[in-house]
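All remarks here apply to the structure that follows.
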Amino acid sequence: MRKKRILVSGVGGSGGSNYVSSLRMVKHEQFYIVGTDTRNFFLELAPNIDKKYIVPRADDPSYFSTINKIIEKEKIDFMHCQSEEEVWIVSNNLDKIKTKVLLPAKETLTITTNKASLNKALAKEAISVPRAIHLKTTKDLELAIRTLRGKHKKVWLRAITGGGSRASLPVYNLKQAEGWIDYWHSYKGLTLKDFMISEFLPGKEFAFQSVWHNGILITSMARQRVEYLFGYLFPSGQSSSPSVAMTVHRDDVNELATKAVLTVDKHATGIFCVDIKENEKGVPCVTEINAGRFFTTNNNFSTAGLNMPYYHVLLGMEETLPKLPQYNGIPANWYWIRMIDMGYKLVKGEKWTGQKI
């Protein structure tokens with residue numbers, strides 16, 4: 001059987017590298033995998049890659065010509081973009097890529113890449129979201145802080161675009177909010193209009209990862225983020241990436257995520273990852289949808305037996321998929337534990353090796 005020849009971008013980052021690791025877990029099929037990244041340093045860390053290439057950023061005028069040279073030279077069958085920037089640019093220029101890709105529609109990404117637009121679109125359809133205000137004037141800032149503060153006496157200030165909790169901070173008052181926005185203006189040129197304020201959500205946080213085809217959910221799985229990488233160093237007590245995550249079977253989370261995806265795209269195709277957090281009343285609320293790319297730790301579910309990157313490749317290459325569960329394809333209460341320079345481990349249930357004296 002001929003090896004499928006796959007191009008994975010951003011393999012110098014955890015998300016792209018873990019996508020490759022997921023494909024290497026497939027025992028009945030082999031892949032020839034080409035990896036790209038803009039940084040030669042971190043490209044050195046990418047494991048199990050047959051060929052590595054340094055490429056320009058996706059917004060560089062030479063990006064498509066460079067990528068297509070690689071596609072032609074390596075006879076690539078399918079390309080996966082892992083970074084938000086590449087997903088956005090490639091989806092808007094599909095005619096410029098000389099191989100198969102599987103991405104949501106650019107109209108969908110226009111909504112999902114703007115957190116304020118997403119919040120508004122979902123709220124309009126009565127999908128549970130945090131109460132939020134997209135900032136346009138200083139009066140909006142004052143109003144948001146005054147009206148959205150709950151019993152925790154704080155609100156969540158965040159940039160409306162970007163991943164990794166970009167420019168996010170819990171603030172207690174107007175002075176703190178203005179100082180934070182001023183800092184980001186000096187640092188990255190962001191203005192008031194680049195921010196939104198939402199109610200602070202104190203409850204459990206969930207990550208729903210899924211693969212879709214023409215509005216049909218192929219398969220999905222949800223987990224709860226229990227602890228965060230270096231969360232103790234962040235003012236919020238959390239980062240965007242978990243150090244401990246636990247699989248969950250929550251009908252309310254599954255239903256909410258599904259409705260949210262179909263609200264932004266009734267013909268949803270490709271990858272949709274939904275961030276959900278409970279409000280003060282314990283009601284799950286959608287905070288974000290990452291469309292077109294997997295969560296960083298996509299190898300979590302793959303290790304546990306639900307290999308979504310592989311199914312993503314099969315869909316993209318228009319091949320037959322195995323029969324898959326739409327929800328809860330992995331048992332609940334399985335833990336995924338990871339730490340910098342210590343690797344990762346899947347613990348099936350509460351089977352801890354440590355003992356109490």
Side-chain angles (χ1 to χ4, degrees), residues 84-85 87-88 91-92 103-150 154-171 174 177 180-181 184 190-203 205-208 210 212 215 236 240 252-253 255-281 283-293:
E84 183 177 67
E85 181 184 50
V87 167
W88 170 254
S91 70
N92 280 269
L103 289 170
K106 61 183 181 181
E107 294 80 8
T108 302
L109 292 169
T110 299
I111 299 173
T112 59
T113 55
N114 186 305
K115 298 173 181 65
S117 296
L118 175 65
N119 182 276
K120 183 178 180 180
L122 296 181
K124 183 179 179 181
E125 297 301 320
I127 301 295
S128 179
V129 293
R131 294 176 296 126
I133 294 176
H134 179 200
L135 303 178
K136 296 178 182 179
T137 68
T138 303
K139 288 184 178 180
D140 290 335
L141 184 58
E142 295 174 354
L143 176 65
I145 293 174
R146 186 172 65 251
T147 60
L148 297 180
R149 280 192 299 190
K154 56 187 172 183
V155 293
W156 191 254
L157 175 62
R158 68 188 311 194
I160 62 174
T161 60
S165 297
R166 180 173 180 253
S168 295
L169 186 75
V171 296
L174 180 61
W180 185 245
I181 293 171
W184 279 90
L190 300 187
T191 68
L192 186 72
K193 294 181 181 180
D194 294 312
F195 286 86
M196 64 184 290
I197 283 184
S198 68
E199 64 175 307
F200 182 79
L201 304 177
E205 184 179 20
F206 304 95
F208 176 92
S210 60
W212 295 72
S236 63
S240 62
D252 55 347
V253 169
E255 181 180 352
L256 176 64
T258 301
K259 287 182 177 180
V261 171
L262 290 175
T263 295
V264 298
D265 188 351
K266 64 181 179 180
H267 301 295
T269 294
I271 304 159
F272 287 81
C273 293
V274 186
D275 284 334
I276 295 171
K277 207 167 191 299
E278 293 175 338
N279 63 18
E280 292 180 347
K281 297 180 180 180
V283 177
C285 300
V286 175
T287 60
E288 195 169 331
I289 296 179
N290 294 314
R293 58 192 176 94

Between [X] and [Y], is any pair of side-chain heavy atoms under 4.5 Å apart?
{"X": "Asp275", "Y": "Lys115", "answer": "no"}
{"X": "Leu135", "Y": "Leu157", "answer": "yes"}
{"X": "Arg158", "Y": "Arg166", "answer": "no"}
{"X": "Thr258", "Y": "Phe208", "answer": "yes"}

Quick one: side chain to side chain donor-acceptor pair (under 3.5 Å) partners of [X], sequence neighbours excluded?
{"X": "Thr112", "result": "none"}
{"X": "Asp252", "result": "Arg250"}
{"X": "Trp88", "result": "none"}
{"X": "Glu199", "result": "none"}

Side-chain donor-acceptor pairs of residues 123-134 under 3.5 Å, sequence neighbours excluded:
residue	atom	partner	partner atom	Å
Ser128	OG	Pro284	O	2.8
Arg131	NH1	Thr147	O	3.4
His134	NE2	Lys193	O	2.8

Does anything in residues 133-145 form a salt bridge (Lys or Arg N to Asp or Glu O under 4.0 Å)? List the pairs, not counting sequence neighbours. none

Would a distance-only check, ignoring hydrogens and angles, find a side-chain to backbone donor-acceptor pair under 3.5 Å from Lys277 to Cys285? no

Minimum heavy-atom distance between Leu174 and Ile145, given as atom pair plus value: CA-CD1, 3.5 Å

Identify the two heavy atoms, one from Leu103 and one from Gly292, that lie closest to each other, and give their separation to 0.1 Å. CD2-O, 3.9 Å

With a cut-off of 3.5 Å and sequence neighbours excluded, list every side-chain donor-acceptor pair involving residues 260-273.
residue	atom	partner	partner atom	Å
Thr263	OG1	Lys259	O	2.7
Asp265	OD1	His267	N	2.8
Asp265	OD1	Ala268	N	3.3
Asp265	OD2	Thr108	OG1	2.8
Thr269	OG1	Asn214	N	2.9
Thr269	OG1	His267	O	3.1

